[in-house]
J.: 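Before I ask anything, let me first share the structure, which is written out below as C-alpha cells.
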Protein chains: 2
Amino acid sequence: MAETAKALETSTRILDAAEVLFVEHGFDATSMRMITQSAGVNIAAVNYYFGSKDGLFKAVFERRAEPFARLTLERLGELESRDVAPNAREITEAFVAGSAELGRDASLGGLLFVRLMGRTFVEPHPILKESMPRRYGEVTRRYLAAYRRALPHLSDQEVHWRFHFLTSAMFNAFAGNNVLRLFMDQPLVNARDPILVARMLLPFIEAGLNAPAANP
Amino acid sequence: MAETAKALETSTRILDAAEVLFVEHGFDATSMRMITQSAGVNIAAVNYYFGSKDGLFKAVFERRAEPFARLTLERLGELESRDVAPNAREITEAFVAGSAELGRDASLGGLLFVRLMGRTFVEPHPILKESMPRRYGEVTRRYLAAYRRALPHLSDQEVHWRFHFLTSAMFNAFAGNNVLRLFMDQPLVNARDPILVARMLLPFIEAGLNAPAANP
DNA sequence: TTTGTTTTCAAACATCTGTTTGAAAAATTA
DNA sequence: TAATTTTTCAAACAGATGTTTGAAAACAAA
C-alpha cells in the first residue's frame with residue numbers, strides 16, 4: 001500500500017493535520033476524529049495507512065526526524081572542517097541555526113516539529129523510546145564531543161549538564177513555552193520568530209557554557 | 001461539605017493520588033478511575049468533593065501554589081532587606097532555593113509540584129488561566145524588577161527574555177526533562193536531586209544573565 | 001474490456017470517558 | 001435515644017474513544 005500518487009496524497013494530508021493537532025493539544029487530547037476531519041479523510045484511513053494512532057504519531061515524528069538530524073549535523077560538519085577549532089558559541093550557532101532553519105522552512109515542518117520536540121521531552125511517548133536514540137544518538141554524541149573540546153575546563157558530566165540546560169532553554173524558547181505567558185496578564189515577551197529567538201538566546205547560552213565549572 | 005476530619009482525609013487522599021498521576025501521565029491521560037483507585041475511594045468522591053475533574057486539577061494546583069509563592073518571595077525579601085543591592089547570582093539563588101526547598105520538603109509537595117509546573121508550561125490547562133497570574137503575578141513582577149536593577153546593561157525586553165530562558169532551564173532541570181535521556185541510550189546525566197541540580201544550574205544561569213546584551 | 005489490486009467509506013464494534021443517581025452507611029446534632 | 005446531616009457506594013448514564021468490518025468505488029494491469 002501507499003505506492004500510488006493518490007495514497008501518498010492522502011497519507012500526507014493525514015500527517016499534516018495530525019502534526020498540527022498533536023503539537024496544539026498533545027497526543028491524548030487529539031482524537032482520531034479530529035485528525036481525519038481536519039484532513040478531510042475517512043476515519044478508517046488512519047488505520048489503513050498507519051495501522052494505529054500510535055503508528056501515526058511515530059510516522060509524524062519520523063517524517064521530520066531525518067531533515068532535522070541532517071541539518072544540525074551538516075552545520076557542525078562545516079564548522080569542524082575548518083582549520084581552527086570551533087568555540088562554544090560557534091557550535092551553539094550551528095545547532096540553533098539548524099533548528100531555526102527548520103523553523104523557517106515550512107516544507108521541513110516549520111516550527112511545528114521543534115514544538116513537538118518540546119512537548120516530547122515533557123511527555124515522552126513510549127513508541128519513540130527506540131527510534132529517538134537511533135535517530136539522534138549521533139547528533140547528540142557529536143555535539144557533546146565538540147562542546148567537550150571547546151570547553152576543556154569542564155568535566156564530561158558538566159558538559160552534559162550544560163547541554164541539558166541549553167536544549168531546555170532552546171526548545172522552550174522556539175516553542176514559545178513561556179513562563180511569563182502563564183504568570184502574567186500581559187507578557188512583554190511572547191514572540192516565536194526563530195530569528196529573534198535565536199538572537200536573544202545566543203548570548204545567554206554562550207556565556208552559560210563558558211561559565212567556570214561548578215565542581216571545585 | 002468537607003468540614004469533618006473524615007472528609008478532609010478523603011479529599012487529601014484524592015489530591016495526593018491525583019497529583020502523582022497528573023505529573024506522571026498528564027491531565028488527559030489520567031482517568032478518574034485511575035485516580036480514585038489509587039486513592040482507594042469511590043469514583044463519585046471526586047465529583048462530590050471537587051465538582052469535576054477540572055475542579056480537581058485546579059485544587060491540586062492551588063494546594064501547592066501558595067507555599068511556592070511564599071517561599072520564593074520570602075527569599076527575595078530577605079535579600080532586598082540588606083543594605084547592598086543583590087546581584088544576579090543572588091537573586092537566582094533566592095529563586096532556585098525556593099524551588100529546591102519545595103523539592104526537598106515532602107510536606108510541601110516535593111518535586112512533584114515543580115514537575116507539574118514544567119508540564120503546565122507545555123500544556124497549559126484553561127482552568128489555570130485566571131488563577132496563575134493572580135497567584136504568581138507578584139512573584140514574577142518582583143523578580144523581574146530585581147533582575148532589572150541587577151542588570152542595568154539590559155533592556156526590559158531582554159531581561160524578560162532571559163527570565164524566560166532561565167525558568168525554562170530550571171523547571172526542566174528540576175523535573176528531569178532531559179533531552180539526553182530521550183536521545184541517548186545511556187545518559188550520563190539523569191539526576192533529579194534538587195541540591196545537585198541547583199549546584200550545576202547556578203553557574204550556567206549566572207553567566208547567562210550577566211552576558212552582554214544581544215541588541216546593539 | 002476484463003481482471004485484479006488499491007483505496008475509500010458508512011456503519012458498527014467493544015471499551016473507556018466523566019458524571020449522575022438514589023439509596024445505604026456513617027457521623028453529627030438535638 | 002431519635003432526627004438530621006454528611007459521606008460512601010454500586011450501578012447506570014450518555015457520549016466519546018480507537019479500531020474493525022465488508023462492501024462500494026477508484027485505479028492499474030492484462
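Here is the naming used below: chain letters follow the sequence lines, and residue numbers restart at 1 for every chain.
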J.: Could you write out DNA chain D as dot-bracket? Rules: Watson-Crick or G-U wobble, both distances under 3.5 Å, brackets [ ] for crossings, | for pairs with another strand, dot for unpaired.
T.: .||||||||||||||||||||||||||.|.
J.: Show each protein N/O and nucleotides 11-17 of chain D N/O combination with a separation under 3.5 Å, one pair to a line.
T.:
none

J.: Let me know the distance between OH of A:Tyr48 and C1' of D:dA23, rounded to the nearest Å.
T.: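 From A:Tyr48 OH to D:dA23 C1': 15 Å.
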J.: Taking only N and O in the side chain of B:Thr10, is any of them less than 4.0 Å away from OP1 or OP2 of D:dT7?
T.: no
J.: Looking at A:Glu93 and A:Arg75, does any basic side-chain N land under 4.0 Å from a carboxylate oxygen?
T.: no
J.: To the nearest Å, how far apart are B:Asn47 CG and D:dA10 C1'?
T.: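 Taking atom C1' of D:dA10 as the reference, CG of B:Asn47 is at 15 Å.
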J.: Are the side chain of B:Thr167 and the backbone N or O of A:Val179 linked by a donor-acceptor pair below 3.5 Å?
T.: no
J.: Got a sec? Which of residues 123-131 of chain A come in under 4.0 Å of DNA chain D, heavy atoms?
T.: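 Here the set is empty: none.
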J.: Have A:Thr72 and A:Tyr136 got a donor and an acceptor in their side chains that come within less than 3.5 Å?
T.: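 No.
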J.: Take the protein atom CZ of A:Phe50 and the nucleotide atom P of D:dT20, then report the distance between them rounded to whole Å.
T.: 16 Å
J.: Within a radius of less than 6.0 Å around CD of A:Gln37, do more than 12 heavy atoms belonging to other residues, nucleotides or ligands occur?
T.: no
J.: Mind checking whether B:Tyr143 and B:Phe95 have ring centres under 6.0 Å apart?
T.: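 Centroid distance B:Tyr143-B:Phe95: below 6.0 Å, so yes.
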J.: Using atom CD1 of B:Ile35 as one end and atom P of C:dT17 as the other, report the distance to the nearest whole Å.
T.: 11 Å
J.: Thinking salt bridges, do B:Lys58 and B:Glu62 make one under a 4.0 Å N-O criterion?
T.: no
J.: Taking only residues two or more places apart in sequence or in another chain, which ones pass salt bridge (Lys or Arg N to Asp or Glu O under 4.0 Å) with B:Asp28?
T.: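 Counting only residues at least two positions away or on another chain, B:Asp28 forms no salt bridge (Lys or Arg N to Asp or Glu O under 4.0 Å).
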J.: Could you please name the option among D:dT19, D:dT7, C:dT7 that lies closest to any side-chain atom of A:Tyr49?
T.: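 My answer, after comparing the listed nucleotides, is C:dT7.
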J.: Over how many whole Å does the gap from A:Ile14 atom CD1 to C:dT8 atom P extend?
T.: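 After rounding, the gap between these two atoms is 8 Å.
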J.: Quick one: salt bridge (Lys or Arg N to Asp or Glu O under 4.0 Å) pairs with a partner in residues 119-131 of chain A, sequence neighbours left out?
T.: A:Arg119-A:Glu123, A:Arg119-B:Glu123, A:Glu123-B:Arg119, A:Glu130-A:Arg134
J.: What pairs with A:Asp54 under salt bridge (Lys or Arg N to Asp or Glu O under 4.0 Å), at least two apart in sequence or on another chain?
T.: none
J.: Verify whether the ring centers belonging to A:Phe50 and A:Phe57 lie closer than 6.0 Å.
T.: no
J.: May I ask you to check whether B:Phe171 and B:Phe121 place their ring centers less than 6.0 Å from one another?
T.: yes
